[in-house]
K.L.:
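This is the structure, below, for whatever I ask next.
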Amino acid sequence: MTEPLTHSPAEPAADHASEPPTRPRRARRVRTALRGALHRALHRALRRLRTLPPWTPLAAGVLAGGLLGAGYGLVATPQYTATSYVVAVPTDKSDPASALGFAQAYGRVATQLAVLGDAQMWAHVPVATLEESVRTATSPDAPMVSVTATSEHPEEAADMANAVARALTRHADASADDTHVELRQFARATEPTEASSASAPVTGLVGASAGGLLGGLALLVRPRRTAREPVLTPAAVPGPASATDVRGQL
């Protein structure tokens, strides 16, 4: 009697191990399909870009710049500016030329810490805020100093300009016996009624101009299209004329 053939317990495990795994194969198929779809989409996009008119970058730059500029103008916080003026007046022991020179000097020291430290008591803001918000200017023809302050609040802008002008006149009066020049308030800063920052239409116009400039530069640097030369096929290339054709023409 022959014993029936039986499979050893290791044989099914060996057959199972010899089968290729299905998950890596599916993953490779998915990656291949995704790469193919991406390649086809990119190819279609490039074909569409090639069919666009040549002035498309210019129009796109103007549109994008205008939208970004107008959006910035709408989102940005409006700023208000107020200006106060002080004038240098010579005493009996001085002349107008020296007053003009001291006006230039006082315009430079108006934003120094010694003056701003006194101004903060009347402006009710920190010295750092005055350093960031207050600017001074002088005239080469008139002994006058303008003190300009900028703030998000119109009342605060006027208070800062008047406070710095007041502190500057106090410091000038303390040394008037030596300089023989006095600083006097010429015009107080008033609360502004309109914002000094650019409005949304202005920022939109600036953005459109910048976008148009970039679009024009893109037009200059992009490669120009050249007409394709016709390709001569063997049928279109004229061959040597035979003797029979020459006799017929004669």
Side-chain angles (χ1 to χ4, degrees), residues 69-207 210:
Y72 173 79
L74 292 174
V75 174
T77 304
Q79 300 291 323
Y80 296 89
T81 301
T83 304
S84 179
Y85 296 92
V86 294
V87 61
V89 180
T91 60
D92 297 338
K93 299 179 180 180
S94 181
D95 54 0
S98 61
L100 181 60
F102 276 107
Q104 302 288 333
Y106 285 130
R108 294 185 180 92
V109 303
T111 55
Q112 298 300 317
L113 185 60
V115 179
L116 298 181
D118 295 340
Q120 69 173 345
M121 298 184 300
W122 298 301
H124 305 288
V125 294
V127 176
T129 303
L130 292 175
E131 290 178 345
E132 296 176 357
S133 305
V134 176
R135 297 291 181 269
T136 60
T138 57
S139 173
D141 302 327
M144 187 175 295
V145 181
S146 63
V147 181
T148 303
T150 304
S151 175
E152 299 178 359
H153 307 284
E155 183 179 358
E156 185 178 71
D159 291 342
M160 288 191 297
N162 290 326
V164 174
R166 181 179 178 182
L168 184 61
T169 55
R170 291 284 187 92
H171 280 265
D173 292 341
S175 58
D177 295 338
D178 299 328
T179 61
H180 304 290
V181 173
E182 298 177 355
L183 278 185
R184 298 180 183 178
Q185 188 83 31
F186 183 76
R188 289 180 56 84
T190 58
E191 183 177 342
T193 57
E194 296 181 358
S196 58
S197 56
S199 59
V202 175
T203 55
L205 182 60
V206 173

K.L.:
Please name the pair of heavy atoms, one in Asp159 and one in Ala123, separated by the smallest distance, quoted to 0.1 Å.
P.N.:
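For Asp159 and Ala123, the tightest heavy-atom pair comes out as O-CB, 4.2 Å.
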
K.L.:
Counting neighbours of CD on Gln104 that are heavy atoms of other residues, nucleotides or ligands and sit closer than 6.0 Å, is the number greater than 12?
P.N.:
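Yes.
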
K.L.:
Once rounded to the nearest 0.5 Å, what's the spacing between atom OH of Tyr85 and atom OG of Ser139?
P.N.:
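OG of Ser139 is found 10.5 Å from OH of Tyr85.
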
K.L.:
Do Leu168 and Val109 have side-chain heavy atoms sitting under 4.5 Å apart?
P.N.:
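Side-chain contact under 4.5 Å: yes.
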
K.L.:
Could you tell me which non-hydrogen atom of Pro90 sits nearest to which non-hydrogen atom of Asp95, and how far apart they are?
P.N.:
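That closest heavy-atom pairing would be CB-O, 3.6 Å.
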
K.L.:
Considering all heavy atoms of both residues, which atom of Ala82 and which atom of Ala161 are nearest to each other, and what is their separation?
P.N.:
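What the structure gives for the nearest pair is O-CB, 3.7 Å.
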
K.L.:
Does the side chain of Gln79 come under 3.5 Å of the side chain of Thr150 through a donor N or O and an acceptor N or O?
P.N.:
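Side chains of Gln79 and Thr150: no pair found under 3.5 Å.
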
K.L.:
Calculate, to the nearest 0.5 Å, the distance between atoms OH and CD belonging to Tyr80 and Glu155 respectively.
P.N.:
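It is 13.0 Å, given to the nearest 0.5 Å.
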
K.L.:
For the residue pair Gly69 and Thr203, what are the closest heavy atoms and their distance?
P.N.:
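Shortest heavy-atom contact: O-OG1, 2.7 Å.
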
K.L.:
Kindly compute the distance separating CG (Asp177) from CD (Glu182), expressed to the nearest 0.5 Å.
P.N.:
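So the gap between those two atoms works out to 9.0 Å.
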
K.L.:
Considering all heavy atoms of both residues, which atom of Ala167 and which atom of Asp118 are nearest to each other, and what is their separation?
P.N.:
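Closest heavy-atom pair between Ala167 and Asp118: CB-CB, 4.0 Å.
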
K.L.:
Can you spot which of Val125, Val147, Thr148 makes a side-chain contact (heavy atoms from CB on, under 4.5 Å) with Met160?
P.N.:
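That would be Val125; it is the only one of Val125, Val147, Thr148 passing the side-chain contact (heavy atoms from CB on, under 4.5 Å) with Met160.
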
K.L.:
Checking side-chain polar atoms at under 3.5 Å, does Thr129 have a donor or acceptor matched by the opposite partner on Gln120?
P.N.:
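There is no such pair between these side chains.
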
K.L.:
Once rounded to the nearest 0.5 Å, what's the spacing between atom OG1 of Thr136 and atom OH of Tyr106?
P.N.:
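One gets 14.0 Å once the value is rounded to the nearest 0.5 Å.
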
K.L.:
With rounding to the nearest 0.5 Å, note down the distance linking CZ in Arg184 to CG in Asp173.
P.N.:
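Answer rounded to 0.5 Å: 9.0 Å.
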
K.L.:
Run the side-chain contact (heavy atoms from CB on, under 4.5 Å) check on Leu116 and Glu131 step by step: do they pass?
P.N.:
CA-CA 8 Å; Leu116 298 181; Glu131 290 178 345; 3.5 Å; yes

K.L.:
Between Val134 and Ala149, which heavy-atom pair has the shortest distance, and what is it?
P.N.:
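The pair with the smallest heavy-atom distance is CG2-CB, 4.1 Å.
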
K.L.:
Can you measure from CG (Asn162) to CZ (Arg188) and round to the nearest 0.5 angstrom?
P.N.:
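Those atoms lie 4.0 Å apart.
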
K.L.:
Checking side-chain contact (heavy atoms from CB on, under 4.5 Å) between Val115 and each of Arg166, His171, Arg170, which is the one that passes?
P.N.:
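So, applying the side-chain contact (heavy atoms from CB on, under 4.5 Å) to Val115 and each of Arg166, His171, Arg170, only His171 qualifies.
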
K.L.:
Stepwise, does the side-chain contact (heavy atoms from CB on, under 4.5 Å) test hold for Val164 with Thr111?
P.N.:
CA-CA 8 Å; Val164 174; Thr111 55; 6.0 Å; no

